[in-house]
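Whatever order the structure lists them in is the order used to number ligands and atoms, beginning at 1.
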Amino acid sequence: MTTPDHPTDFLHHLRERSAAEGGIFWIEDDLLAVFEPDAARRISAENWHGFVMPDRFLDTVRRRRSAEVPWTRVRTEWLTQLHALATAEHHAALITRMERIIDARLGDDVDLVLLAQDVSVLSLLPVALAGLTPRETSWIAQDLDQKLMRLIDRHPGGGLRHRLHFAAVQMRAGFVVRRVLRQRASGRRPRENDLADPFVDLLPELGMDRALDVVTTVLTAIGGPPGSAVASVLYELVRRPEWADRVAAELRAVDVEEFRAAPVKAAPLTHRFVKEVLRMWSPPLLLMRRSRGTFDLGATRLEEGCGYLLSPHMIHRDQRFWRDADTFDPDRFLPGAPHGPAGRGSYVPFGWAPKRCVGADLGTVQLMALCHLMSTRYCLTVPDAETVTMACRFAPVPQDFHGRLVLR
Ligand code: HEM
């Protein structure tokens, strides 16, 4: 089967086929698109049911089993930590980190996609792995940047030199994570309130390679979708002055302490705005998965070992589940709105249980905090804002999105 080369064309093509074939269709002989909400929910639930971490590398070589670590246990540790971090104090610290990054670029003509990535990753990094030296921070950030650039760059670098450099940067980041875990375990580094810390106590059970995988999963997760979502929020604020005004009116009137403690409750209109940005521009656009068993999806049978694609984006833009799916309208999230989500499973920006994003609440707080900063602290000017368009690569990426930020 031939498919168009350009990712945007490819998505368009998938969308047409999805509409014509009811959301479930073969893209290749062993790659199934599952863009139907109920089927996506069922396959996620069944595919990951009882998932345990793979054995340690050393045990695999020695042909013996490692201590069994269910993935639900890893997720419970993350969720417990994130719950403890969901306070006004921690939200204030996140916002201060975001401010520092933006303040350092005030007055410059900046690439807003790269700024969005920096604001997001560098402010979230202490949640994932705290207490890093500036050099360690820059090593981890470089690794996340290069992974992202490989996904969004129109002309990603190739060749042996590039690949070696990529591997070296990745190894250096892995080295930092190992060192942090080892030093915390031996008491040479203080314990921290971050998503890596619970795995220091689990090191004897997990082993260093599996602990590294767990921490890398979080680092990769904060290195991709959140930065793309920040860029999409900036894009919609710039492109829709009427919504930027409504958001600003709400946020300028809000009590700052109340906002920090519970932004969703304090600023419902801004929450609707952020939800609509995530509906229109859900990152990542496609999630590639491999089936761990054989599944019946109505008339289609997916054999073990085959690939399947999930996509919040495809579901969010499906006219069967959303009236005027391509129209940006946060008010569709008002209770009882006629153009709101049609049923369970049609709004899934954070994926599906049991692998649903653990950082959904924090990600939402970050996007709402960005709206607050843009409404109260900064003024952003983007020349020819109406000509900026969105391209679809691994995630939506605004094209030629440059601008200047100054203090209000
Ligand atoms: C707006 C921001 C964000 C978006 C749109 C987003 C989206 C997603 C999506 C679509 C998935 C895949 C779910 C699936 O496979 O069904 C995911 C997984 C994940 N996300 Fe997020 N995410 C965001 C922010 C965050 C943040 C702030 C964190 C950490 C603090 C985080 C940590 C994770 C982790 C650890 C996973 C993997 C879960 C697992 O494998 O069990 N995400 N995210």
Side-chain angles (χ1 to χ4, degrees), residues 34 37 40-49 51-54 69-86 90-91 94 97-98 116-117 119-130 144 193-196 198-199 213-234 263 271 273-290 308-316 345 347-371 394-396:
V34 186
R41 182 181 56 76
R42 270 191 301 122
I43 197 168
S44 300
E46 288 171 29
N47 199 43
W48 299 109
H49 178 75
F51 179 62
V52 295
M53 289 199 76
V69 180
W71 192 246
T72 46
R73 176 144 180 225
V74 171
R75 289 178 58 92
T76 303
E77 299 293 351
W78 285 336
L79 289 166
T80 308
Q81 288 296 83
L82 283 164
H83 184 69
L85 293 172
H90 286 289
H91 292 161
L94 174 80
R97 293 195 290 272
M98 292 168 72
Q117 174 67 5
V119 168
S120 178
V121 169
L122 296 176
S123 67
L124 289 173
L125 188 53
V127 175
L129 195 61
L144 296 180
N193 240 341
D194 59 18
L195 296 182
F199 304 99
D213 282 351
V214 168
V215 178
T216 305
T217 301
V218 178
L219 291 175
T220 310
I222 63 163
S228 159
V230 166
S232 298
V233 164
L234 288 179
H271 186 219
F273 175 82
V274 162
K275 282 182 84 168
E276 181 67 342
V277 172
L278 289 178
R279 185 188 69 81
M280 292 287 287
W281 308 116
S282 256
L285 294 165
L286 298 169
L287 291 161
M288 170 76 186
R289 303 285 182 244
R290 196 146 294 281
Y308 63 91
L309 282 183
L310 299 174
S311 172
H313 178 80
M314 289 291 164
I315 293 176
H316 294 166
Y347 186 63
V348 281
F350 297 105
W352 297 263
K355 294 278 274 183
R356 185 178 185 270
C357 175
V358 292
D361 290 349
L362 181 62
T364 304
V365 169
Q366 183 178 58
L367 298 178
M368 294 186 68
L370 176 78
C371 292
F394 105 98

Given side chain to side chain contact (heavy atoms under 4.5 Å, CB included), test Ile315 with Val348 step by step and report yes or no.
CA-CA 8 Å; Ile315 293 176; Val348 281; 4.3 Å; yes
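- Contact check for Arg279 versus Pro349: no side-chain heavy atoms found under the 4.5 Å cut-off.
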Stepwise side chain to side chain contact (heavy atoms under 4.5 Å, CB included) test for Leu144 and Leu219:
CA-CA 8 Å; Leu144 296 180; Leu219 291 175; 4.2 Å; yes
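- In this structure, the protein non-hydrogen atom closest to atom 2 (C) of ligand 1 is Pro226 CA, 3.8 Å.
- Proximity of Trp48 to ligand 1 is not established, as no heavy-atom distance is less than 4.0 Å.
- In this structure, the side chain of Arg75 engages the main chain of Arg356 through a donor-acceptor pair within 3.5 Å.
- A donor-acceptor contact shorter than 3.5 Å is absent between the side chain of Asn193 and the backbone of Leu85.
- Among Gly363, Cys357, Ser282, Ser311, the residue whose heavy atom sits closest to atom 25 (C) of ligand 1 is Cys357.
- The shortest contact between atom 10 (C) of ligand 1 and any protein heavy atom is with Pro349 O, 3.7 Å.
- Looking at atom 13 (C) of ligand 1, its nearest protein heavy atom turns out to be Lys355 O, 3.3 Å.
- Residue-ligand proximity, Ala229 to ligand 1, at heavy-atom distances under 4.0 Å covers atoms 1 (C).
- Among protein heavy atoms, atom 37 (C) of ligand 1 sits closest to Thr217 CG2, 4.3 Å.
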Test side chain to side chain contact (heavy atoms under 4.5 Å, CB included) on Leu82 and Leu195; report intermediate values, then the result.
CA-CA 7 Å; Leu82 283 164; Leu195 296 182; 3.6 Å; yes
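- Close contacts between ligand 1 and Trp71 involve ligand atoms 39 (C), 40 (O), 41 (O) [criterion: under 4.0 Å to a heavy atom].
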I'd like to know whether Ile43 forms a side chain to side chain contact (heavy atoms under 4.5 Å, CB included) with Tyr308, so could you lay out the CA-CA distance, the side-chain angles of the two residues, the decisive distance to 0.1 Å, and finally the verdict.
CA-CA 10 Å; Ile43 197 168; Tyr308 63 91; 3.9 Å; yes
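- Atom numbering of ligand 1 starts at 1 in the shown order; those under 4.0 Å from a heavy atom of Arg75 are 38 (C), 39 (C), 41 (O).
- Distance alone, capped at 3.5 Å, is enough to place a donor-acceptor pair between the Asp194 side chain and the Ala130 backbone.
- Where the criterion is an N or O separation shorter than 3.5 Å, residue side chain and backbone included, Arg289 meets it with respect to ligand 1.
- Side chains of Ser282 and His316: a donor-acceptor N/O pair is present below 3.5 angstrom, by distance only.
- Regarding atom 16 (O) of ligand 1, its nearest protein heavy-atom neighbour is Trp352 N, 3.0 Å.
- Closest to atom 33 (C) of ligand 1, if we only count protein heavy atoms, is Ala221 CB, 3.3 Å.
- Given atom 29 (C) of ligand 1, the protein heavy atom at minimum distance is Ile222 CG2, 3.6 Å.
- Of all protein heavy atoms, the one lying nearest to atom 26 (C) of ligand 1 is Gly359 CA, 3.7 Å.
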